[in-house]
Amino acid sequence: MSEITTRGAKVAILVGITLVLIGFAFPLLFIVNTALKTQAGFYADPSGITTTLEFGNFVDAFTQVDFARFLLNSALYTLVSASVGTVASLLVAFPVARGFLKRSSVWNIVFILALFLPIALVTQFQLLLRLGLYNSQLGYILLLASAVGISPLLIVSYLRSFPIELDEAAAIDGVGYFRYLATFVVPLTSPVLITCFILQALGVWNEIILATVIFSDSDKYPAALGLHAFQGAYSSQWPLLAAATLIVGLPIVVLYASLQRFFVAGALTGAFKG
Amino acid sequence: MSKRSLPIALAAILLGSVTVAGCSSSSGEGAAEKINVVLHDNPPTNKALITMTKVFEKENPSITVKISFIPIADWAATRTARLSAKQVDITEGVTGPGATPLPDYVKGAPQSVWMKGVEAGNWVDLSGQKMLDNFIPTVIAALKIEGKSYQVPTSLNYVNGVFYNKEIFAKVGVEVPKTWGSFKTVLAKIKAAKIIPISAGGKDNWPVGLIAIGAAQSLYPTLAEQQALDKGLWANTVKLNDEKNVQVVDRVNTIYQYIDPSFAGVDYSTAQGQFASGQAAMTVDGTWAASQFLATNPALKMGFFPLPVSDTAADNRLGGKIDFTFVVPSATKHKAAAIKWLDFFSQKSNYAAFATAGGIIPAQADVALSPALESVKPSLTGEFDLAWDQVFHSNANAGSNVGPVGFNYSGLSPVGALKGAQAAQDAAQTDWAAGLAK
Amino acid sequence: MRHNIFGSSLAPRIGFAVPFAFIAFFSLIPAVATVVLSLTDLSSEPGIPVNWVGLSNYVQFFTGGNRNDSMAALRNTLIFALVVSVVLNVVALAVAILLNRRSRFAVFTRSVVFLPTVLGVTVVGLLWSLFFNPIGGPAQAVVELFGVRSSFFGDPKLALALCIFVQIWMSVGYSALIYTAGLQAVPGELYEAASIDGANSWHRLRFVTIPMIAPSMTANILIAIIGSLQSFQLIYVLTGVLNPATSVLSLLLFKIGFGLSGGTGQTQGFASAISIIQFALVAVIALIAYSYLRRRENQL
């Protein structure tokens with residue numbers, strides 16, 4: 001971006017950034033504040049700054065529900081589903097982008113339709129049931145991995161921006177198809193693959209409805225549903241709820257902070273060539 | 001409209017050409033049997049059932065019982081899913097108008113899912129089981145379908161009660177109201193004393209429905225009058241926006257003005273907490289809540305009276321319902337063990353312990369009332385009248401303005417967007433008329 | 001069909017067929033089967049006979065006694081999707097431009113803005129339920145300064161607006177990330193050239209930035225439209241399924257399909273019909289938006 005020169009503009013930008021920071025950080029800090037209150041302290045002054053440091057809330061929340069297990073479940077569901085989904089997207093997108101299949105354009109339309117499929121909660125539930133995969137982590141992962149959404153489309157349009165000569169040069173070298181995909185295409189398309197992975201991972205991470213319907217054992221719940229169930233059981237005990245929220249949220253924040261360079265904008269450059 | 005049965009066609013579509021055996025089998029036969037009980041979450045009865053089950057397991061070492069208590073918000077979805085997956089041996093049945101076949105005068109409304117299930121043979125016929133004899137005969141009779149019993153009742157409860165804080169009443173200087181006029185005076189005085197007169201959980205919707213049921217109960221105080229209203233509505237000779245029906249909602253509207261002004265966003269347990277902690281002088285709740293209030297605040301000095309919406313004191317009577325029941329799905333692989341557990345539950349001494357700990361109105365005769373219900377005792381008359389929503393056959397094909405009660409408490413401001421009783425009941429009548437058979 | 005440079009055409013075909021079959025089996029076929037279910041009266045409880053009922057579920061949706069509920073859900077869905085898509089993109093673009101600098105402060109703020117997205121829907125839902133808690137929440141404390149009390153998510157005039165707000169708050173981070181990627185790909189020389197030509201900052205935004213990031217804009221708007229037309233997890237967490245003021249189509253079908261309508265006679269067949277109606281709605285809107293955005297991209 002062009003450099004800003006005037007002093008007034010600099011101040012305006014600084015104020016702007018500060019406002020954005022407050023808008024996003026304040027609600028997050030408020031929940032920390034609530035988590036440190038006692039139940040009585042919360043009733044006395046629900047929105048004031050806490051006068052206690054009630055770490056017992058965290059102990060209580062942790063002893064009542066196994067949040068560590070929920071978090072591990074979520075990590076498993078998210079990593080496996082998004083990885084399988086991304087690989088599957090690449091595998092279906094590459095031959096379509098390169099025109100290796102009959103009627104590539106038809107397949108492209110199928111990808112577009114797949115984008116906004118009707119919500120198939122009822123049928124997916126029945127499908128898992130009949131496959132003997134009710135209340136199974138595998139079944140849940142399979143359903144979520146197959147929900148590739150926009151990914152094949154993104155990959156097709158990204159691949160089309162690369163010259164086909166690259167493929168041909170590789171073919172002359174006598175590299176096999178899958179080897180070629182793994183060693184040439186994956187690195188070339190890594191920005192769009194990371195985008196697809198993140199998109200799908202966010203979808204899995206936030207899923208609670210399918211999990212409500214599919215799992216009968218609460219120890220298979222993902223973190224989002226575990227926390228939701230906890231909220232159902234302790235709906236008015238806000239300090240306890242806030243502590244539970246932080247127990248679920250903190251590991252994510254730490255993980256995110258340490259993996260941030262993978263999220264940085266650079267990785268996404270050019271992923272949206274249209 | 002062709003009415004061919006099609007489960008096979010469906011299965012073919014769902015599975016494509018793949019055939020897979022459902023292999024989510026449970027424990028092996030013989031040695032240890034495990035039964036799954038799936039119930040809605042209600043802390044006092046949860047505890048009582050867990051305690052009882054521990055004794056049961058000790059006496060029947062070959063049977064282990066896993067009880068899941070599902071939060072209300074997820075209850076219906078979870079029950080559906082568990083039944084479909086055949087991973088439940090005992091769950092809850094249905095009471096109220098959906099428990100028995102629709103009467104002749106109800107035309108064009110679908111049968112309840114429960115009735116369809118009974119007709120399809122989804123539930124184990126418990127007729128002739130000895131345990132049923134332990135319960136009050138009229139309760140068992142009320143649940144019978146064509147002479148057969150499928151449900152084991154757990155409890156009765158009254159729904160249109162007002163719990164009040166005796167200390168606040170004394171401080172403000174008001175007496176227990178017997179009529180609508182005196183109730184309004186009490187409400188006004190408490191409000192003038194800068195205390196929240198009533199707490200209610202509008203966010204969860206059904207808790208404010210209790211107010212509407214109570215209003216209908218007072219203004220249609222006898223079973224005959226309630227049945228006449230039900231019939232008249234289905235015959236389209238009585239309208240939901242007739243003067244008297246608007247009056248019912250108008251009184252609900254008056255009560256709304258005295259609830260904590262933000263009640264539409266408050267959930268049920270917060271509203272209970274407001275009353276139990278002494279922030280609100282009263283709350284409209286069922287008798288099942290009494291033990292919860294005392295558990296939250298053992299020092300609470302509370303009393304109880306029927307919601308007085310009628311100007312005639314005698315018409316302000318309690319109305320109740322048969323509370324949750326146990327049923328056994330036919331798909332169970334552990335029928336004998338499931339019935340054994342139900343039988344154990346029904347035995348006089350076990351049931352008495354459950355009633356005491358659970359703080360419910362017993363469905364067996366000669367069982368002592370739980371100490372938690374001490375406040376309720378003076379209001380009990382020895383008769384058990386059904387509440388309006390247990391008599392009224394609502395229509396699933398009519399919208400949420402009709403709802404389960406017919407009196408549009410959820411469309412009425414501030415819970416809904418309709419201002420005033422007339423607008424709320426006009427909307428209800430429009431929906432009701434649209435849902436009637438043409 | 002293009003000549004396959006890898007010799008045998010078998011490898012790409014297998015490579016395509018296996019994952020496609022997987023996606024089809026678990027996602028496409030259940031979606032198509034929903035059409036079939038929508039023509040039946042499949043019950044939410046198992047073991048109950050199923051009958052063909054033709055189009056009566058659709059007729060019921062548009063003309064039955066519950067049409068007020070159906071139409072309210074339809075209206076809420078459209079309002080929710082429209083407002084979220086427009087406001088989210090404006091805010092996200094503004095935030096992306098504001099934070100597209102190298103200072104540590106800007107980089108740190110960028111990561112904080114993205115946090116709600118990674119924290120997930122229940123954490124965000126709880127956070128704002130606490131914030132807008134009618135009994136003593138901080139928002140109530142502010143409102144009380146003006147002498148009123150609000151029930152926030154319980155207020156039928158306010159509930160949908162608050163859900164929209166929280167949805168946008170949660171999604172800004174991701175949208176801004178996509179815009180940031182687009183912005184960083186814009187060559188700096190373009191701005192210099194524009195400055196020499198005497199362009200002010202509005203002109204630079206209108207004639208340099210926006211045309212250059214048009215592809216990110218297309219992607220962002222499409223993701224927002226499809227996502228918000230189908231999204232209901234956040235509303236589910238914030239207000240539950242029973243609040244008519246925030247009932248959207250996907251929430252309505254969950255409520256009916258899994259028996260939350262109070263064990264009445266409504267069926268999973270009816271829920272499936274709602275699902276198909278929603279599909280038609282999303283398809284029409286998304287395709288119109290897509291073709292418009294692509295045309296615009298080429299014109300800019």
Side-chain angles (χ1 to χ4, degrees), chain A residues 1-2 16-17 20-21 24-25 27 30-31 34 46-47 88 91-92 95 98-102 114-124 127 142-143 146-148 167-168 171 177 202 205-206 208-209 224 227-228 231 238 241-242 245 248-249 252 256 260 265 268-274, chain C residues 1-2 4-6 11-12 15-16 19-20 22-23 26-27 30-31 33-34 37 95 98 100 105-106 109 111-113 118-123 126-127 130-131 136-138 141 177-178 180-181 184-185 191 195 215-216 218-219 226 233 250 254 257 268 271-272 275-276 279 282-283 286 297:
Chain A
M1 269 216 66
S2 63
I17 298 180
V20 171
L21 184 63
F24 282 84
F30 183 74
I31 207 152
T34 306
S47 52
L91 283 172
V92 294
R98 286 292 183 253
F100 290 163
L101 297 168
K102 281 179 198 160
L115 253 186
F116 35 78
L117 284 177
I119 294 176
L121 201 59
V122 172
T123 38
Q124 287 186 322
L127 178 68
L142 287 174
L143 279 189
S146 74
V148 290
D167 295 7
E168 290 173 349
Y177 177 72
L202 289 176
W205 189 256
N206 284 317
I208 49 175
I209 304 292
L227 183 62
H228 182 63
Q231 184 189 7
W238 281 105
L241 275 177
T245 307
V248 171
I252 308 170
Y256 165 61
Q260 212 189 347
L268 291 166
T269 310
F272 294 96
K273 298 203 171 196
Chain C
M1 182 173 162
R2 167 179 270 273
N4 182 358
I5 36 104
F6 293 102
F16 176 84
F20 187 79
F22 166 68
I23 294 169
F26 284 104
S27 280
T34 304
L37 290 194
V95 167
L98 184 67
N100 187 27
F105 188 41
T109 305
S111 49
V112 173
V113 171
V118 288
L119 282 173
V121 65
T122 11
V123 171
L126 258 164
L127 194 108
L130 173 62
F131 203 85
L177 192 70
I178 294 176
T180 307
Q184 296 191 339
Y191 290 110
S195 296
S216 336
T218 304
I226 296 169
Q233 317 240 6
S250 30
F254 177 63
Q268 291 198 338
S272 300
S275 182
I276 298 302
F279 164 71
V282 181
E297 257 178 51

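In what follows, chains carry the letters A, B, and so on, assigned in the order in which the sequence lines appear, proteins first and then strands, with residues in each chain numbered from 1.
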>> As an exercise, state the distance from OG1 of T109(C) to CG of L21(A), rounded to the nearest 0.5 Å.
In response: 4.5 Å

>> If the condition is side-chain contact (heavy atoms from CB on, under 4.5 Å), which residues does L142(A) pass it with, not counting sequence neighbours?
In response: L133(A), L138(A), F22(C), F26(C)

> Could you give the distance from OG1 (T34(A)) to CG (L126(C)), rounded to the nearest 0.5 Å?
Replying inline: 11.0 Å

> In chain order, what residues pass the side-chain contact (heavy atoms from CB on, under 4.5 Å) check against P19(C), with sequence neighbours excluded?
Replying inline: A88(A), L91(A), V92(A)

> Shortest non-hydrogen contact from S146(A) to I23(C)?
Replying inline: O-CG2, 3.6 Å

> Hey, which of L98(C), V95(C), V282(C), I226(C) has the most heavy atom pairs under 4.5 Å with chain A?
Replying inline: L98(C)

> Using non-hydrogen atoms only, which part of A141(C) is less than 4.5 Å away from chain A: side chain, backbone, both, or neither?
Replying inline: side chain

> For the residue pair W205(A) and L119(C), what are the closest heavy atoms and their distance?
Replying inline: NE1-O, 3.7 Å

>> Shorter than 4.5 Å, heavy atoms on both sides: which option in A271(C), S250(C), A31(C) has the most such pairs with chain A?
In response: A31(C)

> CD1/I31(A) to CG/L130(C) distance, rounded to the nearest 0.5 angstrom?
Replying inline: 5.5 Å

> Name the one of L121(A), L127(A), L117(A) that satisfies side chain to side chain contact (heavy atoms under 4.5 Å, CB included) with P30(C)?
Replying inline: L127(A)

> Non-hydrogen atoms of chain C under 4.5 Å away: do they reach the side chain of P27(A), the backbone, both or neither?
Replying inline: both

>> Tell me the closest heavy-atom pair linking V121(C) and N206(A), and the distance in Å.
In response: N-OD1, 2.6 Å

> Side chains of R98(A) and P12(C): does their closest heavy-atom pair fall under 4.5 Å?
Replying inline: no

> What is the minimum heavy-atom distance between I208(A) and Q233(C), and which atoms define it?
Replying inline: N-OE1, 2.9 Å

> Between T245(A), V248(A), V20(A), which residue shows the highest count of heavy-atom pairs closer than 4.5 Å to chain C?
Replying inline: T245(A)

> Who wins among L241(A), I209(A), V122(A) for the most heavy-atom pairs under 4.5 Å with chain C?
Replying inline: I209(A)

> What heavy-atom pair brings T123(A) and A33(C) nearest, and what distance separates the two atoms?
Replying inline: CG2-CB, 3.7 Å

> Which region of L202(A), side chain (C-beta onward) or backbone (N, CA, C, O), has a non-hydrogen atom less than 4.5 Å from a non-hydrogen atom of chain C, or is it both or neither?
Replying inline: side chain

